2 protein chains.
Amino acid sequence: MNLKPTESELEILQVIWKKGQCSVRDVHEELAKNKDAGYTTTLKLMQIMHEKGLVERNTDAKSHLYKALISREQAQQGALDKIISTVFKGSTSDLVIQALGQHRASKDEIDAIKDYLKQFDK
Amino acid sequence: MNLKPTESELEILQVIWKKGQCSVRDVHEELAKNKDAGYTTTLKLMQIMHEKGLVERNTDAKSHLYKALISREQAQQGALDKIISTVFKGSTSDLVIQALGQHRASKDEIDAIKDYLKQFDK
DNA sequence: TTTGATATACGAAAACTATCGTAGATATTT
DNA sequence: AAATATCTACGATAGTTTTCGTATATCAAA
């Protein structure tokens, strides 16, 4: 089974992750802010995600409620693994440095990272 | 013009980046180690990449030689931008911390990152 | 110079993804 | 209860990406 979400599926997962549990309409209205596709498009995608096992749903009510079966962390890890191997030659530090360089992390972000790195000191 | 390489195109670019200049056969043999697709598949993909302007080629000899027209750094940045916005809620530090956490960066890598971060002190 | 290996070109099929329209069920409003 | 709104199901289409077969050219070896 292929657990790797497509681009559109990720957009949907984002909404579900944020809200915890969503109807198709919830997701659709959120997506409609930045994108314009019909309601049935979102519905169909979510049905496919259900077939794939990316989400589960409660069909008790007329309007079904969806929950994610893949965590944001899993998706993050999958995305990282992929780009580290395809464009960063397997080097995590290359990725980190490139990320910090171009994205001009804020002072808070830099501090968060420094804090994190302290655990490696002894 | 769409400069964003597809998944397969990235696999090919990887080989070209590593070797600097490649014939279709060079790329194909490298890919064949991990994947099995026919020679003409690789050829076709590289021809499409040429049409798209992702690579240039020298057709003097019978066997054409391809060079990348997009740098590894550009591709890295594109890949980072995408995943930061789709799975990391726009947070670079989330990405960095997740990357360091799971990938168990080596001491050298950690040191490289610490060095890099020093530039933000003053 | 004929044969065999290796190239490119390129159309077309296959696979995957995204989009939509329509049908029919269920709920809500008047 | 009839009309209206909202939901799911699902087939069909369109778009993109990947794969491959076949034709044809070029080179090297017998």
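Lettering follows sequence order; numbering is per chain, from 1. This structure is a prediction, so every number in the text was calculated from the model and none was measured.
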*Which atoms form the tightest heavy-atom contact between A:E109 and B:T92, and what is the distance?*
OE2-N, 3.4 Å

*State whether the side chain of B:W17 and the backbone N or O of B:I12 hold a donor-acceptor pair below 3.5 Å, judged by distance alone.*
no

*Quick one: B:K52 NZ to D:dT16 P, roughly how many Å, whole number?*
10 Å

*Interface residues of residues 17-26 of chain B with DNA chain D (non-hydrogen, below 4.0 angstrom)*: none

*Considering all heavy atoms, the nearest A:A68-A:L13 contact*: CB-CD2, 4.1 Å

*When the distance from NE2 of B:H64 to C1' of D:dA25 is rounded to whole Å, what number comes out?*
11 Å

*Can you find a side chain N or O atom of A:Q47 that sits less than 4.0 Å from OP1 or OP2 on D:dA9?*
yes

*Write down the distance between CD (A:E51) and P (C:dT17), rounded to a whole number of angstrom.*
13 Å

*Are B:L65 and B:M49 connected, step by step, through hydrophobic side chains (Ile, Leu, Val, Met, Phe, Trp, Tyr) whose heavy atoms are closer than 4.5 Å?*
no

*Whole angstrom is fine here: how far is it from CG in B:L10 over to P in D:dT17?*
12 Å

_Return a single string for nucleotides 19-30 of chain C, one symbol per nucleotide in 5' to 3' order, where B is base contact, S is sugar-phosphate-only contact and - is none, cutoff 4.0 angstrom on heavy atoms._
BBBB---BS---

*Rounded off to whole Å, could you give me the NZ-to-C1' distance for the A:K4 and C:dA15 pair?*
14 Å

*For the student: nearest non-hydrogen atoms of B:A112 and A:I97, plus distance*: O-CD1, 4.1 Å

*Please name all residues satisfying side chain to side chain contact (heavy atoms under 4.5 Å, CB included) with B:K18, sequence neighbours left out, ordered by chain then number.*
B:E30

_Could you work out, with side chain to side chain contact (heavy atoms under 4.5 Å, CB included) as the rule, every residue matching B:S71, not counting sequence neighbours?_
B:E73, B:Q74

*Starting from P on C:dA18, measure out to NE2 on A:H28 and report it in whole angstrom.*
16 Å

*asked:* Using whole Å, what does the distance between atom P of nucleotide C:dA18 and atom CE of A:M49 come to?
replied: 10 Å

*Looking at A:T6, does any N or O in its side chain come under 4.0 Å of the phosphate oxygens OP1/OP2 on C:dC16?*
no

_Sequence neighbours excluded, every pair satisfying salt bridge (charged side-chain N to carboxylate O under 4.0 Å, His left out) that has a member inside residues 5-17 of chain A_ = A:E7-B:K82, A:E9-A:K52, A:E11-A:K35

*Over how many whole Å does the gap from A:E29 atom CD to D:dT6 atom C1' extend?*
12 Å

*Mind checking what makes side chain to side chain contact (heavy atoms under 4.5 Å, CB included) contact with B:T41, not counting sequence neighbours?*
B:A37, B:L45

